[in-house]
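So the structure is just underneath, and the comments pick up after that.
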Amino acid sequence: MSDGGGVKLAMPRPTVGAEQVGQLLTAGVALWGPVAEVEPTLVNGHPALLLRIDGEIDLVVAMRLDEGRITGIYSVRNPEKLTRMERETVVSR
């Protein structure tokens, strides 16, 4: 699933199935690979990749894992949501 916030290009509906998701990720690597800086991170405690273009966050790809298998991939390009990635939110009780 992806979220462009109506501002950035994103998939209009969820992509389902390992083969289809693999094709989509391969196309994304071909598109962004040469110009993006990629760094691993955590989003809501889950593994994710943060992609920067010209030093600015352009995309965050978070993965949901169940029993060691990737069961969901969520990409966010919505600029409103990406501004929150630059700072760590402290949770207190």
Find the distance between OH (Y74) and NE2 (H46) and round it off to the nearest 0.5 Å.
->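 It comes to 8.5 Å.
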
Which distance, rounded to the nearest 0.5 Å, do you find between the CD1 of I57 and the CG of L51?
->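 Atom-to-atom, I57:CD1 and L51:CG are 10.0 Å apart.
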
Side chain to side chain contact (heavy atoms under 4.5 Å, CB included) evaluation trace for V60 with V43 = CA-CA 9 Å; V60 173; V43 173; 3.8 Å; yes

Does the side chain of P47 come within less than 4.5 Å of L65's, by heavy atoms?
->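 Of all side-chain heavy-atom pairs linking P47 with L65, at least one is under 4.5 Å.
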
Would you say the side chain of L50 lies within less than 4.5 Å of the side chain of V38, judging by non-hydrogen atoms?
->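 No. Closest side-chain heavy atoms not under 4.5 Å.
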
Is the shortest distance from a Lys or Arg side-chain nitrogen in R52 or D58 to a carboxylate oxygen in the other one below 4.0 Å?
->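 A salt bridge is absent here (no side-chain N lies under 4.0 Å from a carboxylate O).
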
I would like to know whether I73 and V61 meet side chain to side chain contact (heavy atoms under 4.5 Å, CB included); could you show each step before the answer?
-> CA-CA 7 Å; I73 299 175; V61 179; 3.5 Å; yes

Write down the atom of [X], the atom of [Y], and the distance for their closest heavy-atom approach.
| X | Y | answer |
| --- | --- | --- |
| D66 | R64 | OD2-NE, 3.4 Å |
| P40 | L49 | CA-CD2, 4.1 Å |
| A62 | A48 | CA-CB, 3.7 Å |

Under the side chain to side chain contact (heavy atoms under 4.5 Å, CB included) rule, collect the residues that match up with D54, sequence neighbours excluded.
->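 Once residues adjacent in sequence are excluded, D54 has no partner under the side chain to side chain contact (heavy atoms under 4.5 Å, CB included) criterion.
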
Please collect all salt bridge (Lys or Arg N to Asp or Glu O under 4.0 Å) contacts where either partner lies in residues 16-30, sequence neighbours excluded, each pair once.
->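 Pairs touching residues 16-30 that pass the test: none.
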
